[in-house]
Amino acid sequence: MTAAAIRPRRILLEEAVGLQLQEDVISDTDSPPWHRSMMDGFAVISKDFVDSLDYKQAVTLEVVAEIAAGEMTASVLEQGQCIRIMTGAPMPPGADAVIPIERAVSGTSHAHAGEQVSLQDPHFRYGQHVSEKGSFFRAGQAVIRHGIELEPVHIGLAAEAGASHVVAIAPPCVSIITTGNELVPSSQVPAEGQIRNTNEPMLSAAVTRCGAEPIPMGIASDRPEPLRAVIAQGLAADILLLSGGVSTGDYDLVPKALGNIGVECVFHKVCLKPGKPIWFGVLHRPAASPTLVFGLPGNPVSALVCFELFVRPALEKISGKSQFLQDRDQQMARLKNSVQGSRDRPVYHPCQLELADDGLLAKVLPWGGSADLLALSLANGLLIVPKECDGFDRGEMVQVIPLISRLRHKSE
Ligand code: AMP
Ligand code: MG
């Protein structure tokens with residue numbers, strides 16, 4: 001099949017959040033790496049306390065050294081002695097418990113090396129306030145299993161385990177070329193006959209939402225040579241998205257330009273509303289993974305609906321996330337109003353989906369067609385009216401596609 005997953009590679013840990021781990025992360029260290037003090041206080045020998053007949057009695061010990069986090073000590077503790085210790089410091093040899101600083105009898109808590117401290121801990125437990133070496137995990141242990149989608153917690157854990165890189169599938173790069181002589185950048189005020197380039201920021205955002213990296217390449221005019229030149233650059237990405245110029249008008253030059261440059265057409269035109277003119281092809285390379293090329297219709301609603309239906313699944317597939325495709329599979333909903341079909345092709349109609357106690361409810365929204373982006377912005381789903389169907393009435397069960405992450409429960 002054309003959309004094969006990108007090969008996994010080593011990725012810098014700091015750049016790996018959100019990616020799917022392809023190889024287990026094996027720790028090079030125990031955690032904690034040594035017996036570690038969990039308190040500021042005094043490292044002691046439990047026996048000094050266990051032996052005292054009554055814990056309520058203060059035990060007086062000689063402070064023989066001090067140790068902060070990041071330090072080691074060569075002193076070996078003997079009975080009757082203690083070491084002043086800070087949170088996070090390695091326990092000195094011989095010591096096996098920590099008495100918190102608050103348990104020093106008043107006036108002695110400042111005791112430093114060479115002085116005496118009196119410690120009184122009525123709830124003393126053997127080995128208290130020490131986190132044992134290797135009690136969380138061991139060197140050689142797989143601390144993160146492949147298949148996990150890396151969250152910030154995994155990044156921290158991998159860092160602790162000594163992994164500067166992880167093996168994952170890098171986010172695909174997606175070039176975006178918008179075509180049309182009438183377009184001006186969205187930051188400009190259009191002159192007579194011009195319109196703002198809506199699709200470039202919109203498609204870039206859609207690509208980002210998929211966890212991929214958009215490469216916006218600006219506006220290409222409807223002239224063969226400039227179009228060819230920018231397409232040649234855009235083909236370096238994993239996926240190339242073009243918008244506009246894929247229908248059959250005099251200035252719809254995209255299919256021809258792609259064909260001339262060696263992109264093999266897989267399909268052109270789909271029985272679908274909105275989005276009929278969509279073009280899809282593949283540039284094969286002998287030594288590298290192919291570039292998938294989508295010529296999306298210029299009308300913004302068509303472009304975004306085609307992105308949802310065709311580009312997003314392809315992106316998920318090449319990112320190695322195809323098992324999540326199921327999540328967006330069509331679902332059934334009860335219709336709250338009525339909708340008309342268009343007999344010649346299936347219609348994907350913007351609708352408002354709501355989660356009720358007995359399942360999904362769908363309300364069809366007023367919609368002015370493939371350029372009416374406002375209607376789509378109010379929708380959180382698409383309702384499918386199949387080909388040759390006149391429409392549906394209120395109360396009928398209909399097929400819908402939730403648009404990811406915009407579904408709310410009725411009570412919200
Ligand atoms: P086309 O697919 O090039 O025939 O364009 C169809 C319609 O979409 C025309 O009305 C174009 O002006 C409009 N259109 C094309 N590209 C864009 C774009 N990037 N942003 C907004 N509208 C566009
Ligand atoms: Mg055009």
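Both ligands and their constituent atoms are indexed starting at 1 by order of listing.
Scanning all heavy atoms of the two residues, the minimum distance from Arg84 to Ala111 falls at NH1-O, 2.8 Å. Pairing each heavy atom of Cys82 with each of Phe42, the nearest pair is SG-CD2, 3.9 Å.
Sorted by first and then second residue, the pairs that involve residues 354-373 and meet ring-ring contact (aromatic ring centres under 6.0 Å, His included), not counting sequence neighbours, are His349-Trp367.
Protein neighbours of ligand 1 below 4.0 Å, counting non-hydrogen atoms: Thr178, Thr179, Glu182, Leu183, Ile195, Arg196, Asn197, Thr198, Asn199, Ser243, Gly244, Gly245, Asp252, Gly298, Asn299, Pro300.
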Can you give me every donor-acceptor pair (side chain of residues 255-272, partner residue at least two apart or in another chain, under 3.5 Å) with its distance?
from: His268; atom 1: NE2; to: Val246; atom 2: O; distance (Å): 2.8
from: His268; atom 1: NE2; to: Pro277; atom 2: O; distance (Å): 3.4

For residues 225-244, which side-chain N or O atoms pair as donor and acceptor with protein atoms under 3.5 Å away, sequence neighbours left out?
from: Glu225; atom 1: OE1; to: Arg228; atom 2: NE; distance (Å): 3.3
from: Glu225; atom 1: OE2; to: Arg228; atom 2: NH2; distance (Å): 3.3
from: Asp238; atom 1: OD2; to: Cys173; atom 2: N; distance (Å): 2.8
from: Ser243; atom 1: OG; to: Asn199; atom 2: ND2; distance (Å): 3.2

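In summary, the side chains of Gln330 and Gln399 do present a donor paired with an acceptor at a separation below 3.5 Å, with no hydrogens or angles considered.
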